[in-house]
Amino acid sequence: MQNRRTLLKAGLAGLIAAPVAGRLQWMTPAAAAESGLKLSSLTTEEGRLLGEFAASLVIGAIKQGVVPYIDHHITVPARESLLTLRYLDIMPPYLGFYRDGLAALAAVCRQNGADGWADLPAPTQSALVAALQQGKVENWKGPPPPLFYFAVRSDAVDVVYGTMAGFDALGIPYLAHIPPEQPW
Amino acid sequence: MVKTPDSCDVLIVGAGAAGSLMAARFAAAGKSVLVLEAGPAWDEDALISSHHWSRRLRWGGPFVAVQGDNPLGFGFNAGWGTGGAALHHYGTWPRLHREDFLMRSLYGRGADWPLAYEDLLPHYNKIQDEVGISGDVAREDWRSDHIPYPMPPLPRSRQADALERGFKALGLPIAPAPMAINSVPYRGRPACLNDGWCDAGCPILALANPLAVYQPIAIENKARFHADSPVTRLVTDRTDRVSGVFYRTKGGALHFQPARLVILAASVVHNPALLLNSVSSAHPDGIGNRFDQVGRGVMSHYGVVTFGMFEEETDPHLGVTGAQWICHAGYRKDSHPQPAFGSFQWLAAPSIKPNDVGGIAASRFELYGAALDDFVRRASLHIGSMVGMAEQLPDRANRVTLTTEQTDWGTARPVLTNRFSESEKALWRRMRDQGLEILAAAGATEHWHGPPMNAHLMGGTAMGTDPERSVTDKVGRVHDMRNLFIAGAGLFPTAGAANPTFTLHALADRSAAHILDHWGHYI
């Protein structure tokens with residue numbers, strides 16, 4: 001029987017199992033981000049780009065751990081993943097979706113003379129977000145741009161607004177029947 | 001391969017709503033019952049209040065591809081593990097209308113059901129009493145039968161008050177939504193706390209998911225539920241008789257389980273996929289597929305969510321995920337401007353949280369950064385929303401087929417193809433426009449709508465009287481097969497616009513009663 005305790009043991013929670021000082025430790029995405037945790041599937045460059053992009057879509061996404069959150073949930077088997085992609089009928093493994101999208105985003109940044117998303121001028125970022133939303137990004141070689149935008153934005157919304165701390169910051173009570181054992 | 005030696009009277013594939021009810025009925029009648037469920041075994045302790053965590057309750061088996069001009073969502077609508085999709089369903093339990101059963105006769109469209117509303121009526125009423133429904137039948141002016149609900153309506157939130165103004169201003173009658181959620185303690189289950197986490201699964205079992213009502217009855221009567229056991233193939237020992245099933249266990253070992261009677265109660269995709277995967281010399285196109293009907297006519301509800309921002313606080317996080325109001329003013333199928341045809345319903349004032357695909361942030365796809373933050377902060381206190389669901393008619397081209405690709409289960413991968421007709425798109429636009437009118441009339445300072453979406457899966461193994469146009473007879477027995485039955489929303493020949501869960505319960509109850517009354521005929 002699967003219950004909360006066995007799930008936590010099995011790593012099915014929104015938590016991240018990460019090696020800290022040689023020992024595996026559970027932590028929230030925010031704590032993982034703060035600790036500078038090494039990513040499991042994404043490269044450092046991919047993680048940096050993902051964080052920059054996500055944080056421009058949802059304020060606070062990096063601090064709340066969107067990068068280790070996505071990295072963890074594209075690493076575990078799809079049936080254990082908590083990503084919004086699970087709802088969107090994207091064929092797993094989900095790593096390919098993010099990796100292809102980030103590669104396409106990096107190429108777009110280079111086309112605009114920047115090394116990363118954060119290096120782009122604000123008007124260029126705005127124009128590119130609009131192009132992503134409309135699916136009209138020139139030379140885009142990744143998942144459908146609106147889908148990639150929606151997925152990253154949703155993941156960032158999850159970690160920023162969808163947690164107990166996020167509800168609290170919005171001034172609405174979380175009202176859990178069974179609260180997550182960690183802030184997730 | 002290990003052969004399992006002991007047979008069972010009834011083998012049920014899938015531990016969702018229909019499978020759990022069937023297990024309860026047969027076990028209570030003294031039959032030996034085994035339920036094989038592809039996903040994990042959940043208990044109520046696992047139903048954590050979080051949109052992230054609730055995603056574990058969605059399909060987690062081999063990938064199901066969706067395609068076509070308007071692909072249907074499978075991952076969102078399907079379930080995974082004991083309880084199936086009903087574990088995360090919202091408990092909105094309207095009945096179909098009388099005319100939904102007579103689409104061909106009354107309108108020359110779709111198909112007639114092989115039974116009438118009156119045939120289901122005693123089963124609706126019996127299930128309603130067992131499960132418990134909160135509502136006010138006197139205000140459901142589309143109903144001609146008025147058996148009172150066993151519980152009063154759920155309490156109203158300020159969001160419901162705000163939206164009520166819009167319906168009233170336009171003269172559209174509404175009623176408290178009939179919810180399979182306790183408004184008061186009922187049959188040993190507590191009353192709802194109205195905290196709006198229904199779609200994460202209700203751990204206090206105030207919402208009548210399968211863990212709350214029928215699985216306990218089944219287990220009390222010695223039915224066995226085996227989780228992590230996907231059925232991969234049906235085996236026939238004669239042309240017209242299933243002798244058992246092959247299934248896998250964790251690690252992939254293949255087993256044979258003999259059974260005297262088999263009921264397929266998996267998803268709308270996986271029931272036909274299993275029939276199509278069970279190819280043999282006697283059934284070269286799959287079981288029950290002599291006339292190429294298996295998998296055809298899958299339907300959904302073509303949906304839209306309309307939103308409004310109100311000056312007053314609406315407490316949108318409170319209530320239930322399903323709805324507080326229901327409106328069937330749009331149900332009359334031939335009342336819409338051409339080419340729109342069919343029924344639609346409104347489910348108004350569902351609880352809504354900041355995140356998830358149906359959440360506040362997702363409602364404004366175009367907002368990001370500071371504008372998104374400002375919007376989420378305002379909307380978390382002031383938003384109101386309504387879910388519209390429009391009828392999709394059966395179309396042979398909307399179907400489940402198999403690809404040549406093999407899944408981890410060793411089965412051919414299913415693919416679900418869908419396209420909405422021009423008539424259905426026109427109906428959707430009519431519904432969308434009315435939704436925005438209601439919000440404006442309610443006094444919303446801003447109003448907007450989400451993109452087209454779909455909710456619920458039905459059909460694909462439709463019941464009927466003609467084997468050349470259906471897959472099962474009127475009790476769910478697969479044509480040409482003596483002891484093979486289907487249960488669930490896959491049996492629906494047409495979809496109506498009402499949420500399907502109550503009706504699939506009533507159908508399963510009717511079929512179980514019939515099989516038990518004629519047990520010797522089928523085994």
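In what follows, every chain begins at residue 1, and chains take the letters A, B, ... in the order their sequences are listed.
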At a 4.5 Å cut-off on heavy atoms, which part of B/Ala227 comes close to chain A: side chain, backbone, both, or neither? neither

Sort A/Ser154 into side chain, backbone, both or neither according to what part of it lies under 4.5 angstrom from a heavy atom of chain B. neither

Counting only heavy atoms closer than 4.5 Å, note whether A/Arg153 contacts chain B via side chain, backbone, both or neither. side chain

Using non-hydrogen atoms and a 4.5 Å limit, figure out which bit of B/Tyr368 sits close to chain A: side chain, backbone, both or neither. both

Taking the inter-plane angle between the rings of B/Phe76 and A/Tyr87 on a 0 to 90° scale, is it parallel (under 30°), tilted (30 to 60°) or perpendicular (over 60°)? perpendicular

Please rank A/Ser56, A/Ala130, A/Ala156 by heavy-atom pairs under 4.5 Å with chain B and give me the top one. A/Ser56

Assess, by modelled atom type and distance only, whether the side chains of A/His177 and B/Asp195 contain a donor and an acceptor separated by less than 3.5 Å. yes

Non-hydrogen atoms of chain B under 4.5 Å away: do they reach the side chain of A/Ala78, the backbone, both or neither? neither

Below 4.5 Å from any heavy atom of chain B, which atoms of A/Ile90 appear? Answer side chain, backbone, both or neither. backbone

B/His52 side chain near A/His73 side chain, heavy-atom distance below 4.5 Å: no

Distance-only criterion, 3.5 Å: show the donor-acceptor pairs between side-chain atoms of residues 132-145 of chain A and protein atoms not counting sequence neighbours.
{"residue": "A/Gln133", "atom": "NE2", "partner": "A/Tyr149", "partner atom": "OH", "Å": "2.8"}
{"residue": "A/Gln133", "atom": "NE2", "partner": "B/Glu366", "partner atom": "O", "Å": "2.9"}
{"residue": "A/Trp140", "atom": "NE1", "partner": "A/Pro143", "partner atom": "O", "Å": "2.6"}

Where on A/Pro146 is there a heavy atom nearer than 4.5 Å to chain B: the side chain, the backbone, both, or neither? both

Quick one: does B/Leu372's side chain get under 4.5 Å of A/Val157's, heavy atoms only? yes

For a 4.5 angstrom cut-off between non-hydrogen side-chain atoms, does B/Ser50 reach A/Leu82? no

Quick one: does B/Val64's side chain get under 4.5 Å of A/Asp89's, heavy atoms only? no

Which pair of non-hydrogen atoms, one from B/Ser380 and one from A/Leu170, has the smallest distance, and what is that distance? OG-CD1, 3.7 Å

Between A/Pro173, A/Gly171, A/Ala55, who has the most heavy-atom pairs with chain B when the cutoff is under 4.5 Å? A/Pro173

Counting only non-hydrogen atoms closer than 4.5 Å, does B/Trp59 touch chain A with its backbone (N, CA, C, O), its side chain (CB onward), both, or neither? backbone

Report which part of B/Ala65 has an atom under 4.5 Å of a heavy atom belonging to chain A: side chain, backbone, both, or neither. neither

